[in-house]
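Written below as structure tokens is the structure these notes are about.
In each ligand, atom 1 is the first atom listed, and ligand 1 is the first ligand listed. Note that the coordinates shown come from a computational prediction; the quantities given were computed from them, not determined experimentally.
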Amino acid sequence: MINTNDTARLLIEALPYIRRFTGKTIIVKVGGLPMTDPDRARSLAKDVLLLHSVGIRPVLVHGGGPQIDEQMGRQGKAVERIDGLRVTDAEALEIVRMVLVGKINRELVSAVNALEPVAVGVAGEDGRLLEATQVDARLGFVGKVGNVRAGLLRALLDDGLIPIVSTVGADPTGQPYNVNADDAARAIAVAMKAEKIIYLTSAPGLLEDPANPASLIHRLTAAEARRRIADESVTGGMIPKLLACAEAVEGGVGSAHMIDGRAGHAILVELFTDEGVGTMVCGESG
Ligand SMILES: Nc1ncnc2c1ncn2[C@@H]1O[C@H](COP(=O)(O)OP(=O)(O)O)[C@@H](O)[C@H]1O
Ligand SMILES: CC(=O)N[C@@H](CCC(=O)OP(=O)(O)O)C(=O)O
């Protein structure tokens, strides 16, 4: 049975947040791991549409690392990473584009459009949305994002559409590059002067002790985030994510959030309730 008091309290609590974020751009980045279950795509689609319905301007950016690993395995190709970045030869690049642009992007676009046909899938290589330059010859076709053509995303948002971005960039000659999705989302958030960037990940947020989900750090500054990276208290995929959060905030984004993409409707709880979930990275005064 619905407890009307609790429901009413939630709605009342949400209202000032909705007012505060109306008209603001919010970047939501979803990693590949939280997306391995189709129910999560549907739940994410509902959340993003709810933001859109209350006048927020959401941009959804997705990864797909585990799905690329899987496809490479199927094609008998060894997976190799250096400092968390995939070594990407011409054949791997084709697989990356097939999985990110051809499969995951389409699945997310379909999940939104099944509810309301407002999603538009764009790859970073389209219209030079994400300009990329090679990171390191050892990594092959792996790019770092330079210029972001924010106007393309703004035009879609102005038209009442929701851009869903796959993070394959291209250099000025049109050569595609595989780009880390956390970093691409950060570059988009900075270029769009976003109010917030939200990383949906496969951990509850930043943990003091990665083996203990109860050791969640609720809030830290960009400078503290950098200290934690330097003293090696974070490892693996959390390093680029935390760095991206720090760089986003330093680049002018209001705040960066890391929340559990496996939990249902975590975006709504983080945005519209007093408690929030996950970890927030903010500026010194935030
Ligand atoms: N201090 C930490 N707090 C939380 N997660 C951590 C920490 N250190 C390492 N990790 C690891 O980082 C992972 C999140 O990064 P990653 O898997 O790349 O994200 P995504 O889910 O976005 O693909 C977590 O699943 C966890 O295993
Ligand atoms: C250069 C590089 O490593 N690119 C990533 C792009 C996908 C990604 O970042 O996916 P997640 O968000 O799921 O990690 C890769 O090939 O796996």
Side-chain angles (χ1 to χ4, degrees), residues 28-37 40 44 60-72 77 79-89 91-101 103-105 108 123-124 130 132-136 138-145 165-169 176-187 197-218 220 224-225 227-229 231-245 256-263 266 278-279 281:
V28 176
K29 187 267 170 174
V30 60
L33 216 52
M35 289 303 305
T36 39
D37 173 355
R40 293 214 182 97
L44 175 63
L60 183 59
V61 179
H62 68 86
Q67 291 85 342
I68 299 168
D69 288 356
E70 207 180 299
Q71 185 60 31
M72 286 180 75
K77 228 176 137 49
V79 171
E80 197 192 334
R81 284 188 173 81
I82 300 177
D83 294 335
L85 298 174
R86 184 185 309 279
V87 176
T88 309
D89 63 12
E91 206 184 342
L93 181 64
E94 213 175 293
I95 297 173
V96 168
R97 290 169 88 197
M98 182 174 89
V99 173
L100 293 186
V101 184
K103 186 166 189 292
I104 299 180
N105 190 271
L108 288 169
L130 300 177
T133 46
Q134 194 180 44
V135 169
D136 177 338
R138 288 178 309 159
L139 288 166
F141 295 108
V142 170
K144 170 129 191 91
V145 180
V165 181
S166 353
T167 59
V168 179
Y177 280 96
N178 180 13
V179 171
N180 172 270
D182 289 339
D183 193 48
R186 184 271 315 158
I197 181 164
I198 299 176
Y199 287 98
L200 292 174
T201 179
S202 45
L206 178 65
L207 302 172
E208 192 74 60
D209 168 9
N212 177 11
S215 66
L216 181 72
I217 298 164
H218 292 276
L220 73 168
E224 283 161 0
R227 272 198 292 281
R228 281 178 186 271
I229 295 166
D231 72 17
E232 296 178 3
S233 57
V234 292
T235 55
M238 195 40 81
I239 298 172
K241 207 176 302 296
L242 192 56
L243 186 62
C245 287
H257 303 245
M258 288 181 284
I259 61 178
D260 199 331
R262 300 164 303 178
T279 301
V281 179

Give the numbers and elements of all ligand 2 atoms closer than 4.0 Å to a heavy atom of Asn178.
1 (C), 2 (C), 4 (N), 5 (C), 6 (C), 15 (C), 16 (O)
Is the shortest distance from a heavy atom of Lys29 to ligand 2 less than 4.0 Å?
yes
Is there a donor-acceptor contact under 3.5 Å from the side chain of Tyr199 to the main chain of Val30?
no
Could you see which bit of His62 sits under 4.0 Å from ligand 2, with heavy atoms only: side chain, backbone, both or neither?
neither
Where ligand 2 meets Val179 - atom numbers and elements under 4.0 angstrom, heavy-atom basis
4 (N), 6 (C)
Nearest protein heavy-atom contact for atom 8 (N) of ligand 1: which residue, which atom, what distance?
Thr235 N, 3.4 Å
Could you list the atoms of ligand 1 found under 4.0 angstrom from a heavy atom of Lys241?
15 (O), 19 (O), 20 (P), 22 (O)
Answer yes or no: is there a side-chain heavy-atom contact under 4.5 Å between Val179 and Val142?
no
Can you tell me if Pro66 has a non-hydrogen atom under 4.0 Å from ligand 2?
yes
Distance col, row His257:NE2 vs Ile197:CD1, nearest 0.5 angstrom, shows 10.0 Å
What atoms in ligand 1 come closer than 4.0 Å to a heavy atom of Gly31?
22 (O)
Give the contacting part of Glu208 toward ligand 1: side chain, backbone, both or neither, where contact means a heavy-atom distance below 4.0 Å.
neither
Can you confirm, on distance only, whether ligand 1 has an N/O atom lying under 3.5 Å from any N/O atom belonging to Leu207?
yes
Test side-chain contact (heavy atoms from CB on, under 4.5 Å), reference Glu80, set Leu139, Leu85, Val87, output is Val87
Counting C-beta onward and ignoring hydrogens, is there a side-chain heavy-atom pair between Lys103 and Gln67 closer than 4.5 Å?
no
Output yes when a side-chain donor or acceptor of Thr279 lies under 3.5 Å from a complementary backbone atom of Ile217, and no otherwise.
yes
Check this for me, if you would: do Lys29 and Asp183 make a salt bridge, where the nitrogen-to-carboxylate-oxygen distance has to be below 4.0 angstrom?
no
Could you report the tightest heavy-atom contact between Leu216 and Gly205, atom names first, then the distance?
CD1-CA, 3.7 Å
Provide the number and element of each atom of ligand 2 under 4.0 Å from a heavy atom of Gly31.
12 (O), 13 (O)
Criterion side chain to side chain contact (heavy atoms under 4.5 Å, CB included) on Lys144 and Gln134, from CA distance to verdict:
CA-CA 6 Å; Lys144 170 129 191 91; Gln134 194 180 44; over 6 Å; no
Evaluate Leu60 against Leu44 for side chain to side chain contact (heavy atoms under 4.5 Å, CB included), listing each step before the verdict.
CA-CA 10 Å; Leu60 183 59; Leu44 175 63; 4.1 Å; yes
Quick check on atom 26 (C) of ligand 1 - does any protein heavy atom sit closer than 4.0 Å to it?
no
For Ala92, check side chain to side chain contact (heavy atoms under 4.5 Å, CB included) against everything at least two apart and list the hits.
Met72, Lys77, Thr88, Asp89
Does Lys29 have a non-hydrogen atom less than 4.0 Å from ligand 1?
yes
Is there a donor-acceptor pair closer than 3.5 Å between any side-chain N or O of Gln71 and the backbone N or O of Val99?
no
Around atom 16 (O) of ligand 2, find the nearest protein heavy atom and jot down its residue, atom name and distance.
Arg86 NE, 2.6 Å
Just let me know how Leu139 lines up against ligand 2, side chain, backbone, both or neither, with a heavy-atom cut-off below 4.0 Å.
neither
What residue and atom, counting heavy atoms only, is the protein's closest point to atom 10 (N) of ligand 1, and at what distance?
Met238 CB, 3.6 Å
Got an N/O contact under 3.5 Å between Ile68 and ligand 2?
no
Donor-acceptor check, side chain of Arg86 to backbone of Arg81, threshold 3.5 angstrom: yes or no?
no
When you compare ligand 1 with Thr201, is there at least one nitrogen or oxygen pair between them that comes in under 3.5 angstrom?
yes
Atom 14 (O) of ligand 2: nearest protein contact (heavy atom, Å)
Gly65 N, 4.3 Å
Tell me: protein heavy atom nearest atom 21 (O) of ligand 1, and distance?
Ser202 OG, 2.9 Å
Option nearest atom 8 (C) of ligand 2 (shortest heavy-atom distance, choices Gly84, Ala92, Gly140, Ala181)
Ala181
Pairwise side-chain contact, Glu224 with Arg227, heavy-atom cut-off 4.5 Å (strictly under):
yes
Protein residue, atom and distance nearest to atom 13 (O) of ligand 2, heavy-atom basis
Gly32 N, 2.7 Å
Which ligand 1 atoms, with their elements, are less than 4.0 angstrom from a heavy-atom of Gly237?
15 (O), 16 (P), 18 (O)
Check ligand 2 against Leu85 and write out every atom of the ligand that is under 4.0 Å from a heavy-atom position of the residue.
1 (C), 3 (O)
For Gly205, state whether at least one heavy atom is located under 4.0 Å from any atom of ligand 1.
yes
Under 4.0 Å from a heavy atom of Val234: which atoms of ligand 1 are those, numbered in the order shown and with their elements?
1 (N)
For atom 24 (C) of ligand 1, the closest protein heavy atom turns out to be Ala203 CB, 3.9 Å
Just how far is it from atom OG of Ser202 to atom CZ of Arg262, taken to the nearest 0.5 Å?
6.0 Å
Does some side-chain heavy atom of Val61 sit less than 4.5 Å from a side-chain heavy atom of Val28?
no
